[in-house]
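Contents: one structure, followed by commentary.
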Amino acid sequence: MEEKTQKKKHIGFWIAFPIGFLLIAALLIFYFDLANGPIIVFILALLCLVALAVTSILLINKKKRWRLIPWGAFILSMATLLPLARPSVEVFPAVTHSNVVKVENTLKLRDGLVQGVYSEDGQVEVYAGIPYAAPPIGERRWKEPIDPTPWEGVRDCSVFAPRSMQPISNSVTDSLVDMYAEKGWHPDYAMHPLQNMSEDSLYLNVWRPKNAENLPILVYIHGGSLTKGSSASPDINGEAMAHKGLIMITVQYRLGVFGYFAHPDLITESPNATTGNYGLLDQIKALEWVKENASYFGGDPNNVTVAGESAGSSSVSALCISPLAHGLFQRAIGESSSIVLERAPHTMRPLEDALSTGKKIMQEQGCSSLKELRDVSAEKLVKTAFSNSSMTFDGYALSKTKTPKEIYEAKENNETALLNGYNVKEADAFIVPQYLLSPTNKDNILGRLETVFGKNIAKKIYDLYLPKIEKDAFTAFNEIISVYWFIHPHHRWSSIAAENGVDVYRYQFTKENGYLGTYHSGEIAYAYGNLKRTGHDFAYDQSDAQLSNAMVDYWSAFAKTGNPNSGELLGKENWGLYKTVGDYIMEFGSRVGRMDDAYAGLYPIIDEYIASKQPN
């Protein structure tokens, strides 16, 4: 009888244990790939799993309390190792190839000498981490930026400066979002380190062709909801643009509570009676630095284009209407966000709201004065529960008395030419997580539209979109929000600018692929020639490379002359001016050419909604 019982136990073990072992192994493999932690931690976890298997087999005939020991040891080892499975924090190099060569000659700038490094082909000089303003730390937290202190000797510009202070997201969650974008799991088990960060972050990076002389300049402002991001992102590497005969500069600026905090005491303290736009003021300071230093690094101070995507594009549109940015640039490129309309759906808030949030943050931090709040560590302050993801009309950087439209009508905008546009699935990355457990369908879409627009406008949108809703309510809802948040603002920016004498070139990005596709930010790597730097080679084929070449040519030609048709790509489609509603929109997708505006019927309804929210 005992022998039969033992035999049954063995049979049960050899059925259940391999299944459990394989399941645990699969979970560990999946988790460690998502976590982006050191490979040594992954190896140790696998060794612990192997040790569990071996000891469990050796102890198969022992009493239960002995058989539980390997499991207890395994659980303890996982409790130790799993927290270690997180990305390291590192200083990012200016170039990633192994044979790094420093530029032979130092470059003299206004504030001192710098030495950069060459691109792998030796044709582009890269200068990373050049200070354009004094560190905004200590007493300088929440103050207008000022010139940096000149330095002695030669400043090494072979590594990027730390990114600005921002909340650290969970790497596992980020990887799951990546899987959604990649439409599948593509494990690599390579550690993807995080860039170091600091409150001392007002630096910029320069890519220039070797022996540059009086070249056009493209200044890029990164996105990230004004709360995150980096000027060192591979998607905005400037090497491809430098190969096109441009000097490309990427700019770091204050983010979140450090860049957009507002408080009444700061208005009193400021010589300009301003608060709430420190990140925007940083961008203006960087443009001033570019103008003052252009001749030093071989650039033309009177041929500057400012570009950005998402919150960077919102910032570009703000720079176009800021009196402080007058004369600092001539052209603008805006991708997937704008505040130039009657009421921006995001990235902009009334000063009263900004001040109210600032008071709550003061209370949250247990402070009663600016001095006390400035003494709070950056590491603690960045964790505030209150959002600071919007600029404000402060009366200094941005007018309190004139709307963006009125500024254009008065010809007080700063750009003479505008290239701007949007992608197809702009809102999906924001909407899908919000409704992950209850996807939009035919039964709940009207209620969700009412939550956003109110009953009257929601019913009009519902009726307009009914055929699409009947076919696919999930996609229809995402499209409506994409138009409201991103596409309609560009429609208004294009129309307002064109009606007031600006040369406008409007586009839509429609190219699907195995990664971001037409989601928000999906076009960046194409437009700046960085598909091979994304780390997602599996997602792109020859058609993507061809499209990227075309977009780089259009973008660089526009940055040089204000006309995207003056580039070098033979046989390319002529990109017509957008002069009025229904005019030329360029499609960048599986084809490149003129396209119809698929959202024309929705614009008037959104206009009506915005008008209903305007103060009388």
Side-chain angles (χ1 to χ4, degrees), residues 91-97 99-135 147-164 195-196 198 200-222 230-234 236-253 282-283 285-301 303-307 528-530 533 559:
V91 175
F92 280 16
V95 294
T96 56
H97 53 271
N99 186 26
V100 178
V101 178
K102 289 192 173 185
V103 177
E104 301 89 349
N105 300 319
T106 57
L107 181 64
K108 181 183 178 183
L109 300 174
R110 180 196 64 188
D111 299 312
L113 299 172
V114 294
Q115 185 173 33
V117 291
Y118 281 117
S119 60
E120 190 168 15
D121 64 6
Q123 297 305 303
V124 176
E125 298 174 5
V126 186
Y127 300 87
I130 302 174
Y132 68 84
D147 289 342
T149 302
W151 58 89
E152 296 181 1
V154 179
R155 187 181 186 93
D156 177 27
C157 290
S158 62
V159 297
F160 292 107
R163 57 184 171 146
S164 294
Q195 185 184 7
N196 61 329
S198 170
D200 176 8
S201 64
L202 300 187
Y203 300 83
L204 49 76
N205 316 299
V206 178
W207 287 261
R208 71 169 195 163
K210 193 175 181 180
N211 301 318
E213 187 174 346
N214 203 38
L215 294 179
I217 302 168
L218 176 61
V219 179
Y220 190 94
I221 298 166
H222 71 77
S230 169
S231 64
S233 170
I236 57 174
N237 183 286
E239 188 175 328
M241 286 298 177
H243 279 300
K244 283 291 184 179
L246 286 167
I247 294 172
M248 183 160 169
I249 298 173
T250 60
V251 176
Q252 211 125 262
Y253 56 99
D282 293 341
Q283 296 161 17
K285 187 65 178 174
L287 288 169
E288 292 174 350
W289 183 96
V290 168
K291 193 171 185 67
E292 293 170 6
N293 284 272
S295 60
Y296 290 104
F297 56 74
D300 182 351
N303 193 354
V304 178
T305 298
V306 63
Y528 299 91
N530 291 311
R533 299 179 190 274

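By the side chain to side chain contact (heavy atoms under 4.5 Å, CB included) test, P216 is found to be paired with L246, N303, K560, residues two or more places apart in sequence or in another chain being considered. Residues forming a side chain to side chain contact (heavy atoms under 4.5 Å, CB included) with S198 (at least two apart in sequence, or on another chain): P162, D200. In terms of the ring pair (Phe, Tyr, Trp, His ring centres under 6.0 Å) criterion, Y127 has no residue partners (sequence neighbours excluded). For E120, there are no salt bridge (Lys or Arg N to Asp or Glu O under 4.0 Å) partners two or more places apart in sequence or in a different chain. For the side-chain hydrogen bond (donor to acceptor under 3.5 Å, both in side chains) test, no residue two or more places apart in sequence or in another chain qualifies with R155. For R163, there are no salt bridge (Lys or Arg N to Asp or Glu O under 4.0 Å) partners two or more places apart in sequence or in a different chain. By the salt bridge (Lys or Arg N to Asp or Glu O under 4.0 Å) test, D300 pairs with no residue at all, sequence neighbours left out. Shown here are the side-chain hydrogen bond (donor to acceptor under 3.5 Å, both in side chains) partners of E288, two or more places apart in sequence or in another chain: there are none. Residues passing the side-chain hydrogen bond (donor to acceptor under 3.5 Å, both in side chains) test with Y253: none are found, sequence neighbours excluded. P301 is linked by a side chain to side chain contact (heavy atoms under 4.5 Å, CB included) to K291, A294, counting only residues two or more places apart in sequence or in another chain. Remark: N196 engages no residue in a side-chain hydrogen bond (donor to acceptor under 3.5 Å, both in side chains) (not counting sequence neighbours).
For the pair L204/P131, no side-chain contact is recorded, criterion being any heavy-atom separation below 4.5 Å from C-beta on. Under the 4.5 Å side-chain criterion, counting only non-hydrogen atoms from C-beta, M248 is in contact with Y220. Using a 4.5 Å cut-off on side-chain heavy atoms (C-beta onward), L202 and W289 make no contact. A heavy-atom distance below 4.5 Å is not found between the side chains of V306 and V304. Looking only at side-chain heavy atoms (C-beta outward), S158 and V100 stay at 4.5 Å or farther from each other.
In this structure, A212 and F297 approach most closely via the heavy-atom pair CB-O, 4.1 Å. In terms of heavy-atom proximity, A286 sits nearest to V251 at CB-CG1, 3.7 Å.
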Next on the checklist: With side chain to side chain contact (heavy atoms under 4.5 Å, CB included) as the criterion, how do V219 and Q283 come out once you've worked through the C-alpha distance, each side chain's angles and the decisive distance to 0.1 Å?
Outcome noted: CA-CA 10 Å; V219 179; Q283 296 161 17; over 6 Å; no
Checklist entry - Can you check side chain to side chain contact (heavy atoms under 4.5 Å, CB included) on V126 and N205, steps first, answer last? => result CA-CA 7 Å; V126 186; N205 316 299; 6.0 Å; no
Cut-off 3.5 Å, no hydrogens considered: what does the side-chain donor-acceptor table look like for residues 104-113, sequence neighbours left out?
residue	atom	partner	partner atom	Å
E104	OE1	Y118	OH	2.6
R110	NH1	E292	OE1	2.1

